[in-house]
Amino acid sequence: MHDPVVIRQLVARGRRRDQWFAIIGLACMMVGVLTLAVLLVGLVQDGAHRLEWSFFENFPSRRAERAGILSALVGSSLVMLITASTAIPVGVAAGVYLEEYARKNWLTDLIEINVTNLAGVPSIIYGLLALGLFVYALDFGQSILSAGLTLALMILPVIIVATRESIRAIPGAIREAAYAVGASRWQTVRDHILPYSTGGILTGVIIGLARAIGETAPVITIGALTFIAFLPPAPLSTEFPFVSFDWLESPFTVMPIQMFNWLSRPQAAFQENAAAAGIVLVVMTLVMNGLAIWLRIRFRKRIKW
Amino acid sequence: MVGNMSNDSGLRIATRGGDAPTAAPSKAEVRSLDFWYGASQALKNVSMRIDACRVTALIGPSGCGKSTFLRCFNRMHDLTAGTRYGGDIRFFPDDVNILDKNIDPIEVRMRIGMVFQKPNPFPKSIFENVAYGLRVRGERNRAVLMTAVEQALRDASLWDEVKDRLNDMAFNLSGGQQQRLCIARALATGPELLLFDEPTSALDPNATANIEDLIHRLRDKVTILIVTHNMQQAARVSDYTAFMYLGELIEFGETDAVFTRPTSKRTEDYITGRYG
């Protein structure tokens with residue numbers, strides 16, 4: 001065993017295996033990266049020339065060259081606004097409750113398993129639930145409100161899980177320090193738990209929203225229209241009472257549905273519109289993910305355990 | 001000295017604590033304290049008194065329950081599900097039982113401060129760390145906070161090192177400075193009793209010496225109960241020493257007496273280094 005030749009052979013064999021694994025791993029990675037790259041390049045080739053200012057200003061049209069994504073862009077933004085403003089408070093509060101307040105017993109275990117499973121439920125199931133609950137039972141109609149709430153339900157588990165995980169990353173010693181000077185549970189949550197977990201929570205929130213913005217199935221299920229040549233009523237007006245919530249009940253369309261609609265048409269010109277809308281959607285998602293990464297780095301820098 | 005004492009009498013409370021040289025009023029009296037983590041009993045029938053403005057040290061091998069005992073004083077165990085107290089800790093001058101179910105643990109923690117094993121400053125500025133206890137009590141006046149923060153930092157002998165950078169993050173301080181910051185945080189609210197849970201075990205010898213000096217000076221202002229793994233430290237800083245073993249109080253008395261004339265064989269074995 002102490003023969004240098006034998007040792008050298010052993011080392012050489014280990015090295016060869018290393019190299020083999022490196023090559024296989026690289027190949028596997030390339031499958032993913034190249035596929036994505038080809039997809040993006042294809043999108044850009046097809047759609048880039050449609051990306052001019054008028055494309056963002058125009059409503060959908062029967063003539064491909066005059067069609068635009070204005071209503072879809074506004075629809076997506078408003079739906080996201082509803083989704084974010086309902087899912088964030090509910091999800092964060094639920095996560096904080098489960099981590100900081102709830103007693104650890106079989107019931108919270110059950111809830112934990114359910115929340116994790118909910119994150120994996122196919123999105124169309126949320127669409128069906130929303131159709132029954134929001135559209136019919138609560139009579140919100142096929143509106144921006146219904147869609148926003150549906151997507152909020154869908155990303156709620158993502159936010160809850162992200163909140164819980166970033167709270168769990170806070171060392172117990174910090175909690176003890178707060179309690180030891182006489183802080184109440186709420187003071188500890190408000191002054192320590194939430195501020196120190198903001199980075200992780202925001203990351204989860206943005207990743208959830210990025211998923212929601214591209215969702216088609218649940219929004220189609222609740223009956224989003226595909227041809228919308230008008231904008232929802234403006235939320236602010238010059239007349240009393242200045243603020244209006246009529247837009248909540250307005251019919252709408254969103255980016256992926258607009259894309260889907262164009263894709264289903266036979267003319268090549270509409271396929272180009274779909275590609276252009278695809279580019280916009282991908283860029284929106286990338287920007288959101290980039291924002292998530294930036295926030296994570298920014299908040300992590302201040303806090304080191 | 002070793003070996004001529006063969007009696008191994010289990011629980012024995014030295015009466016020596018009662019007739020200390022300068023008889024101090026008692027700050028707390030522990031009466032047959034039991035404590036359970038779920039079904040396992042971690043403290044068994046512990047009784048002792050804590051004299052006001054004195055340093056009382058708790059020594060004993062790992063797992064003997066000394067930290068568990070310390071954490072009963074500020075009801076830290078209430079944060080863990082399935083824990084249970086038995087017996088009383090009477091707290092003076094008002095003679096309340098701080099283990100009473102009707103006493104809110106937050107009320108107890110407002111009167112009894114704690115410094116932990118590892119420095120655990122908040123990821124906030126030096127100022128905010130020290131001011132936090134007052135903020136919790138609703139203090140908003142910047143001038144009042146500033147005065148209290150300065151006083152606490154002076155008491156913790158940290159003021160000169162940090163007075164020019166109160167808005168720096170606490171994490172930028174060295175380990176020893178962080179621990180003194182945690183002491184300042186505990187002192188800022190004027191606690192009546194200060195609990196130290198092995199406060200120097202994560203520090204280098206120099207920082208340890210600083211903390212020990214500090215504890216020495218603090219005893220005029222506040223009653224101190226300190227858990228330590230280090231017997232020399234107990235001998236250096238404390239007036240009274242309690243030796244615990246397997247959840248029981250084996251011996252309690254003046255530090256000099258416990259270290260030079262231990263009455264129990266176990267204490268003697270421990271302080272002479274036979275185990276632990």
Side-chain angles (χ1 to χ4, degrees), chain A residues 95-112 163-203 295-305, chain B residues 67 70-71 73-82 104-125 128-139 152 169-172 178-179 181-191 194-197 202:
Chain A
V96 168
Y97 175 78
L98 285 172
E99 276 308 304
E100 295 295 317
Y101 286 82
R103 292 230 166 245
K104 305 280 173 276
N105 54 26
W106 64 271
L107 189 65
T108 41
D109 284 348
L110 191 73
I111 291 171
E112 168 152 24
T163 303
R164 298 190 66 178
E165 262 160 29
S166 47
I167 287 178
R168 261 183 234 161
I170 300 172
I174 293 292
R175 246 177 228 100
E176 289 189 336
Y179 287 123
V181 293
S184 65
R185 230 178 255 270
W186 167 240
Q187 281 168 328
T188 306
V189 167
R190 184 194 62 195
D191 301 336
H192 303 285
I193 304 299
L194 281 179
Y196 308 156
S197 58
T198 308
I201 293 176
L202 282 180
T203 308
L295 282 170
R296 186 161 49 202
I297 294 170
R298 216 186 96 94
F299 280 93
R300 290 275 158 82
K301 218 187 315 184
R302 282 195 319 164
I303 293 170
K304 38 191 166 182
W305 309 118
Chain B
S67 283
L70 191 78
R71 283 162 171 261
F73 281 83
N74 64 349
R75 299 267 300 266
M76 225 46 180
H77 298 302
D78 287 36
L79 300 173
T80 317
D104 193 314
I106 293 173
E107 178 190 327
V108 175
R109 293 178 201 138
M110 292 231 172
R111 299 178 63 181
I112 301 178
M114 183 162 185
V115 175
F116 296 82
Q117 194 166 356
K118 251 184 82 194
N120 55 356
F122 302 127
K124 294 179 186 277
S125 70
E128 283 306 325
N129 263 282
V130 182
Y132 188 64
L134 295 156
R135 289 208 185 279
V136 160
R137 287 155 177 78
E139 185 58 62
M169 291 296 281
F171 284 157
N172 295 334
Q178 287 187 17
Q179 192 62 306
L181 181 72
C182 293
I183 295 175
R185 181 174 64 194
L187 284 173
T189 54
L194 199 48
L195 311 169
F196 285 85
D197 189 1

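Here is how names work: the chains are called A, B, and so on, in the same order as the sequence lines, proteins then strands, and each is numbered from 1. In this text, all values refer to a predicted model and were calculated from it rather than measured experimentally.
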Inset, instruction - Look at A/P195, A/A177, A/A173 and state which one has the largest set of heavy-atom pairs under 4.5 Å with chain B. - result: A/A177
Legend entry - Nearest heavy atoms of B/Y132 and A/H192, plus distance in Å: CZ-NE2, 3.0 Å
Legend entry - Atom group of B/L195 that falls short of 4.5 Å from chain A, counting heavy atoms: neither
Inset, instruction - Count the heavy-atom pairs under 4.5 Å between each of B/K124, B/E128, B/M110, B/K118 and chain A, then report the option with the highest count. - result: B/K124
Inset, instruction - Specify the closest pair of heavy atoms between A/I174 and B/P123, including all atoms of both residues, with the distance to one decimal. - result: CD1-CD, 4.2 Å
Inset, instruction - Scan residues 176-198 of chain A for pairs that pass salt bridge (Lys or Arg N to Asp or Glu O under 4.0 Å), counting only residues two or more places apart or in two chains. - result: A/E176-B/R71
Inset, instruction - Supply the atom-to-atom distance B/M76 CE to A/R175 CZ, rounded to the nearest 0.5 angstrom. - result: 11.0 Å
Legend entry - Top contributor to chain A contacts, counting heavy-atom pairs under 4.5 Å, from B/N120, B/L134, B/D104: B/N120
Inset, instruction - Taking atom CZ of B/R137 as the centre, report whether more than 12 heavy atoms of other residues, nucleotides or ligands fall under 6.0 Å from it. - result: yes
Inset, instruction - Please list, chain by chain and in numerical order, all residues satisfying salt bridge (charged side-chain N to carboxylate O under 4.0 Å, His left out) with B/R111, sequence neighbours excluded. - result: B/D94, B/E192
Legend entry - Heavy-atom closest pair, residues A/A180 and B/M114: CB-CB, 4.2 Å
Inset, instruction - Please determine, among B/N74, B/I106, B/V115, B/V108, the option with the most heavy-atom pairs under 4.5 Å with chain A. - result: B/I106
